[in-house]
Amino acid sequence: MNIILLGPPGAGKGTQAAKLVEKLGMVQLSTGDMLRAARTSGTEMGNKVAAIMDAGELVTDEIVIGLIEEQLDKGGNGFIFDGFPRTLAQADALGDLLSAKGETLDCVVELQVNDEVLVDRIVGRAREAVAAGGTARADDNEESLKVRLMEYYKKTSPLIGYYYAKGDLKPVDGLASMDAVEASIAGVLDA
Ligand code: AMP
C-alpha cells in the first residue's frame with residue numbers, strides 16, 4: 001500500500017507517518033527530512049537549498065523529485081509520502097514514478113486543520129524543542145510560517161482537487177486528538 005499524507009505545515013503529517021511506520025512497518029519518505037539531512041551533511045544540494053528552506057519557500061521540483069526517485073529505486077513497498085508531493089508537477093511525477101515500477105497510489109489522506117491551530121502547534125513545537133535542550137527548526141518561527149502557509153495555499157492545496165478528481169482523496173479531521181486522528185487514518189486504510 002502506498003499513501004500520501006497531505007496537509008499544511010503543522011497538520012500532523014510527520015507524527016502520523018511515524019505511527020504508521022511503527023504499526024504497519026511502512027516506509028516513511030519525508031522530503032523535508034531528506035533535505036534537512038542533506039543540509040546537515042553539507043552536500044552541495046543541501047547548501048543550495050538551506051536559505052530557501054529557512055525562508056519557508058519550496059525548493060525546486062527537480063530536486064525533490066530526484067530525492068524521491070532515489071528512494072523508490074532502493075525498492076520496498078508500502079510507502080508513506082510525507083510532505084511530498086507539494087505541487088501539481090510533483091504529483092504528476094509521483095504518478096509516473098510509481099507506474100513505471102508497476103505500483104499504484106492507494107489513497108491520499110488529507111489532514112484537515114485550521115490556520116490558528118497550525119500557528120499554535122508550530123510555535124509550540126519550537127518551544128518544546130528548546131525546552132528539551134535542542135534547537136528549534138530554523139523555519140519554525142512566525143515569519144517563515146507565514147511564507148510556508150502561503151506556499152501551501154498557492155501551490156499545494158490544488159492537490160486536494162487533483163486527488164479528489166482521481167477518486168483518491170480521503171479527508172480526515174486533523175483537529176482531533178493524536179490518537180483519534182490515528183484511528184481515523186486506520187479506518188480509511190482498512191476501507
Ligand atoms: P517539511 O519538513 O515537510 O515541513 O519541509 C520543510 C521545508 O523543506 C519546506 O518548507 C520546503 O522548503 C522544503 N520541502 C520539503 N518538501 C518539499 C517538497 N515536496 N517540495 C518543495 N520543497 C519541499
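When a ligand or atom number is given, it counts from 1 through the structure's own listing order. These figures come from a predicted structure and were not determined experimentally. One is the number of the first residue; the rest follow in order along the sequence.
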Worksheet entry | side chain to side chain donor-acceptor pair (under 3.5 Å) contacts in which one or both residues fall within residues 110-123, not counting sequence neighbours |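 Applying side chain to side chain donor-acceptor pair (under 3.5 Å) to every pair that reaches into residues 110-123, excluding sequence neighbours, yields E110-Q112, D115-Y153.
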Worksheet entry | salt bridge (Lys or Arg N to Asp or Glu O under 4.0 Å) evaluation trace for D140 with R127 | CA-CA 10 Å; D140 272 356; R127 275 200 212 106; over 6 Å; no
Worksheet item: Is the NZ atom of K48 crowded by more than 12 outside heavy atoms at less than 6.0 Å?
Response: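 At most 12 heavy atoms, drawn from other residues, nucleotides or ligands, come within 6.0 Å of this atom.
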Worksheet item: Would a 4.5 Å heavy-atom cut-off, applied to side chains only, mark M34 and L29 as touching?
Response: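 Answer yes - side chains close enough.
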Discussion item. Could you work out, with salt bridge (Lys or Arg N to Asp or Glu O under 4.0 Å) as the rule, every residue matching K170, not counting sequence neighbours?
Written reply: none
Response to the item:
By side chain to side chain donor-acceptor pair (under 3.5 Å), N47 pairs with (sequence neighbours left out) none
Give every pair made of an N or O atom of ligand 1 and a protein N or O atom lying under 3.5 Å apart, one pair per line with both atom names and the distance to 0.1 Å, or write 'none'.
{"from": "ligand 1", "atom 1": "2 (O)", "to": "R36", "atom 2": "NH1", "distance (Å)": "2.9"}
{"from": "ligand 1", "atom 1": "2 (O)", "to": "R36", "atom 2": "NH2", "distance (Å)": "2.9"}
{"from": "ligand 1", "atom 1": "2 (O)", "to": "R137", "atom 2": "NH1", "distance (Å)": "3.4"}
{"from": "ligand 1", "atom 1": "2 (O)", "to": "R137", "atom 2": "NH2", "distance (Å)": "3.4"}
{"from": "ligand 1", "atom 1": "3 (O)", "to": "R86", "atom 2": "NH1", "distance (Å)": "3.0"}
{"from": "ligand 1", "atom 1": "3 (O)", "to": "R86", "atom 2": "NH2", "distance (Å)": "3.2"}
{"from": "ligand 1", "atom 1": "4 (O)", "to": "R86", "atom 2": "NH2", "distance (Å)": "3.3"}
{"from": "ligand 1", "atom 1": "4 (O)", "to": "R137", "atom 2": "NH2", "distance (Å)": "3.1"}
{"from": "ligand 1", "atom 1": "12 (O)", "to": "E57", "atom 2": "O", "distance (Å)": "2.5"}
{"from": "ligand 1", "atom 1": "16 (N)", "to": "T31", "atom 2": "OG1", "distance (Å)": "2.8"}
{"from": "ligand 1", "atom 1": "16 (N)", "to": "G83", "atom 2": "O", "distance (Å)": "3.4"}
{"from": "ligand 1", "atom 1": "16 (N)", "to": "R86", "atom 2": "NH1", "distance (Å)": "2.9"}
{"from": "ligand 1", "atom 1": "19 (N)", "to": "T31", "atom 2": "OG1", "distance (Å)": "3.4"}
{"from": "ligand 1", "atom 1": "19 (N)", "to": "G83", "atom 2": "O", "distance (Å)": "3.0"}
{"from": "ligand 1", "atom 1": "19 (N)", "to": "Q90", "atom 2": "OE1", "distance (Å)": "2.9"}
{"from": "ligand 1", "atom 1": "20 (N)", "to": "Q90", "atom 2": "NE2", "distance (Å)": "3.0"}
{"from": "ligand 1", "atom 1": "22 (N)", "to": "V59", "atom 2": "N", "distance (Å)": "3.1"}

